[in-house]
Amino acid sequence: MAYRLVGAQPTNNVEWPAYGNDAGGMRFSPLKQIDTSNVKKLAVAWTFRTGELELYKGTYAEEKAAFEATPIMVDGTLFFSTPTSRVFAIDAATGQKKWAYDPDVYLRQDLSEITSRGVSIWPATTDKRASAAMGKRIFVATLDGRLIALEASTGKPVTSFGKEGSVDLRQGLGNISVTSPPAVIGNMIVVGSSMGDNQRFNYERGVVRAYDAISGALRWSWDPIPRTKGDVGFDTWKGENAHQTGAANAWSIISADPERDLVFIPTTSPSPDYYGGERLGQNLCASSIVAIRASTGKVVWHYQTVHHDLWDYDNAAQPLRFTFIKTGKKIPAVAVGTKMGHLFILHRETGAPLLPVDERPVPKSTVPGEIAHATQPFPTTLPLLGLQKFETWGVTPAEKAVADQRISGLRYEGPFTPPSLQGTIMAPGNVGGVHWGGMCYDPVSGLLITNVNRMAAIIQLLPREKLAASVKNNEELLRAETGMQAGTPYVMKRSYLFKIGKEGITMQTPPPWGTLVAVDLTKGSLAWEVPLGYMMDLSKYPQAKEWGSLNFGGATVTAGGLVFVAASLDGHLRAFNRQTGSLLWEAALPAGGQATPMTYQMNGQQYVVIAAGGHGKLGTKLGDYVVAYKLP
């Protein structure tokens, strides 16, 4: 998407037509009515409530629901989905409901995640190839594995699409869900899948599929795991059962480049996450960014961010399509931010790194049956983000001693230390670094901006035969976070290095525990990094607001010189200065804000909108709010 930033301020209506504004997820707005000089005057313009909380009662949603959607705005209407995959259309100026659609997802099934991060519109407003003969359609992919087409004007199912407006995504694949909006490219709707982790090695297949936007017919499918000789990467999967491995699915946001007929697929770790003895080798195209020709489904290039992933280091962030300036030349690029805190800048047409990457030796596995990959890729000219150096911490010397005792005997030999029988410290942990909230890019300043987590995890593999022989051990195991990893010799036990006390949650690693970061891609340096929010109620400690917070949800940057972000556990939406990282404005939300804000202009007035519905697993306040802010 091109932006004209010189001259007059955009007038009348300026839309936000995709999850990341453009199909490549840059999350940049050319709007500058709200800027660094007046952002402190922002006030609530309207609040919309979905009534979602009533649906949660007596279901798994009471514990798991997370309102993580980013609305889109087209033709003066906001469209978004709720955690239960309901779809709403509301007036962008007033917040009044236009229509609602309920796919009637059965919430008493034990779904791994109960969230939906948004919907998509077809034809894409920036894609000239798409036919509008059938009228605009809203597409939602649901928790129970359906792809549904709705009339954008009425919210009624498009009966000519699939079977009465719906395609069954579970057919032939099993119990998959979808939590991200589909990608739209031409007359194609491309969708991935979400599934639970660590259940068994031969889990459901992580197939990515493309459907005809008009008829719902399947146009192509692609499995990240090669099943037959000749498939991309077949020889990088070793062992009798390797090609029966599951997952490597794309649960995050898929980016599109209509001009080049490409979609960029962020794949995840193969199943199970923490033991790869049944899938030895490099494991292409898992834990990779894969460019696929949208019209044919053929792989154009692939770049693996983690070889033989043993750490749940999914590519959780949307690949960010942007123009990279190198030695004065404009190069089509994709930015990849990872849970390890690595930033890769790849050529959009070839996948070749545009900045140097080294393959460095990493520690070997000590687990019988496992062979960790000997090297991993490390970017060398961009800063590493998140928790890169592990040490313990406590608010008092006594609490630091508790942390020291907790890690006694655990294995830690730097990044990519493999899981072990005695227990391994993962730093960064599997929640990032860069997480599903992803990144945004400001083409004016050349800053890549993202929020990151700084929390360590502990992973232990428990021999299955010893575990089964000990009832006491089983009882202890059931009180922890576990993965049975059926079909392997080991059960996985996972915990995180934090402490829950009367005053709140404190990490057992040094603060800040969550930050907002800006990287100058032109200079290859850190422009600034500031703490993001604070952890729940830590008012006992005056310095707590400098400690930052675990965060989920992303940031948005504007031509007004602002970065808008919520994401932290304290329930505030904030605006930071794009150039310096200084905090300029904050407002308490009516519920947790684990979503990414967006902005648009309606009737000459700029609005900033965020979903505020909390996160069940994180314990933030649940709600059913969509809140809009504007200047007086």
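Heavy-atom minimum distance, Val563 versus Ala555: CG1-CB, 3.8 Å. Between Asp624 and Phe67, the closest heavy-atom pair is C-CE2, 4.4 Å. Minimum interatomic distance between Trp16 and Gly20 (heavy atoms only, all atoms of both residues): CZ2-C, 3.9 Å. Closest approach of Val178 and Ala141 over heavy atoms only: CG1-CB, 3.3 Å. For the residue pair Trp311 and Met426, the shortest heavy atom distance occurs at O-CE, 3.2 Å. Contact between Thr506 and Glu399 at its shortest, heavy atoms only, is OG1-OE1, 4.3 Å.
Using a 4.5 Å cut-off on side-chain heavy atoms (C-beta onward), Gln601 and Gln33 make contact. Residues Ile90 and Gln96 are not in side-chain contact: their nearest non-hydrogen atoms beyond the backbone lie 4.5 Å or more apart. Residues Val119 and Pro181 fail the side-chain proximity criterion, which asks for heavy atoms closer than 4.5 Å. Annotation: side chain of Cys440 is not in contact with side chain of Thr556 (no heavy-atom distance under 4.5 Å). Counting heavy atoms from C-beta outward, Pro428 and Arg454 have side chains that stay 4.5 Å or more apart. Inter-residue side-chain proximity for Pro443 and Tyr441 is flagged as met; some heavy-atom pair is nearer than 4.5 Å. A 4.5 Å side-chain heavy-atom check between Leu526 and Val519 finds at least one atom pair inside the cut-off. Put simply, the side chain of Tyr607 reaches to within 4.5 Å of the side chain of Met602, judged on heavy atoms.
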Check step by step if ring pair (Phe, Tyr, Trp, His ring centres under 6.0 Å) holds for Phe28 and Phe322. CA-CA 11 Å; Phe28 169 79; Phe322 76 114; over 10 Å; no
Passes side-chain hydrogen bond (donor to acceptor under 3.5 Å, both in side chains), Gln594 versus Thr620? Steps please. CA-CA 9 Å; Gln594 281 67 58; Thr620 60; 2.8 Å; yes
Could you walk me through whether Ile138 and Tyr101 pass the side chain to side chain contact (heavy atoms under 4.5 Å, CB included) test, one step at a time? CA-CA 11 Å; Ile138 296 297; Tyr101 173 79; over 6 Å; no
Given Phe48 and Tyr625, is the ring pair (Phe, Tyr, Trp, His ring centres under 6.0 Å) satisfied, shown in steps? CA-CA 6 Å; Phe48 178 79; Tyr625 303 89; over 10 Å; no
Using the rule given for side chain to side chain contact (heavy atoms under 4.5 Å, CB included), can you reason through Val608 versus Lys630, listing the C-alpha separation, both sets of side-chain angles and the distance that settles it, and then say yes or no? CA-CA 7 Å; Val608 177; Lys630 68 180 182 67; over 6 Å; no
Before you tell me yes or no, could you show the steps for Phe139 and Trp122 under side chain to side chain contact (heavy atoms under 4.5 Å, CB included), namely the whole-Å CA-CA distance, both residues' side-chain angles and the distance that decides it to 0.1 Å? CA-CA 8 Å; Phe139 283 90; Trp122 174 89; 3.7 Å; yes
Do Val530 and Thr515 pass the side chain to side chain contact (heavy atoms under 4.5 Å, CB included) test, and can you show the C-alpha distance, the side-chain angles, and the key distance before you say yes or no? CA-CA 5 Å; Val530 296; Thr515 63; over 6 Å; no
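The closest side-chain donor-acceptor pair between Lys32 and Thr558, if any, does not fall under 3.5 angstrom. Remark: the Lys400 side chain and the Thr392 side chain contain an N/O donor-acceptor pair separated by less than 3.5 Å. In this structure, a donor-acceptor pair under 3.5 Å is absent between the side chains of Gln318 and Ser252. Of the N and O atoms on the side chains of Thr82 and Glu52, at least one donor lies less than 3.5 Å from an acceptor on the other residue. If you check the side chains of Asn430 and Tyr496, you find a donor sitting under 3.5 Å from an acceptor. With no hydrogens or angles considered, a side-chain donor-acceptor pair links Asn315 and Thr305 at under 3.5 Å. Looking at Glu113 and Ser194, their side chains never bring a donor and an acceptor atom within 3.5 Å of each other. With 3.5 Å as the limit, one finds a donor-acceptor pair spanning the side chains of Asn551 and Asn453.
Within the model, atoms CZ of Arg574 and CG of Leu516 stand 10.5 Å from one another, a figure rounded to the nearest 0.5 Å. To the nearest 0.5 angstrom, Phe498 atom CZ is 6.5 Å from Met455 atom CE. Between Leu31 atom CG and Gln606 atom CD the span is 4.5 Å, to the nearest 0.5 Å. Rounded to the nearest 0.5 angstrom, Asp75 CG and Ile121 CD1 are separated by 6.5 Å. Atoms OG1 and CZ, from Thr50 and Arg86 in turn, are 5.0 Å apart once rounded to the nearest 0.5 Å. With values rounded to the nearest 0.5 angstrom, Arg27 atom CZ is found 10.5 Å from Asp22 atom CG.
With respect to Asp312 and Arg494, a salt bridge is recorded, a charged nitrogen being found less than 4.0 Å from a carboxylate O. Salt bridge annotation for Lys617-Glu63: absent, with no cationic side-chain nitrogen under 4.0 angstrom from a carboxylate oxygen.
Applying the side-chain contact (heavy atoms from CB on, under 4.5 Å) test to Ala317 and every residue at least two apart in sequence or in another chain returns Val434.
Counting only distance, with no hydrogens or angles, the side chain of Asn451 and the backbone of Gly553 share a donor-acceptor pair below 3.5 Å. Not a single donor-acceptor pair under 3.5 Å links the side chain of Thr179 to the backbone N or O of Ser116. Side-chain atoms of Tyr19 do not come within 3.5 Å of backbone N or O of Ala183 as any donor-acceptor pair. Lys621 contributes a side-chain N or O that, together with a main-chain N or O of Pro590, makes up a donor-acceptor pair within less than 3.5 Å. Although no hydrogens or angles enter the test, the distance criterion places no donor-acceptor pair under 3.5 Å between the side chain of Asp520 and the main chain of Ala527. Using a distance-only test at 3.5 Å, with no hydrogens or angles considered, no donor-acceptor pair links the side chain of Asn38 to the main chain of Lys41. Between the side chain of Glu586 and the backbone N or O of Leu583, no donor-acceptor pair lies under 3.5 Å. Judged purely by atom type and a 3.5 angstrom limit, Thr115 uses its side chain to pair as donor or acceptor with the backbone of Ala66. When atom types are taken as modelled, the side chain of Ser549 and the backbone of Ser568 share no donor-acceptor pair closer than 3.5 angstrom. Under a 3.5 Å cut-off, the side chain of Thr70 and the backbone N or O of Thr596 do form a donor-acceptor pair.
Taking the six-membered ring wherever Trp is involved, the centroid distance between the rings of Trp513 and Tyr534 does not fall below 6.0 Å. In this structure, Trp547 has its ring center closer than 6.0 angstrom to the ring center of Tyr541.
A perpendicular orientation is assigned to the rings of Trp585 and Tyr629, their planes being inclined by more than 60° (bins at 30° and 60°).
With a 6.0 Å cutoff to the six-membered ring centre and a 45° limit on the axis angle, Arg578 does not count as a cation-pi contact of Trp528.
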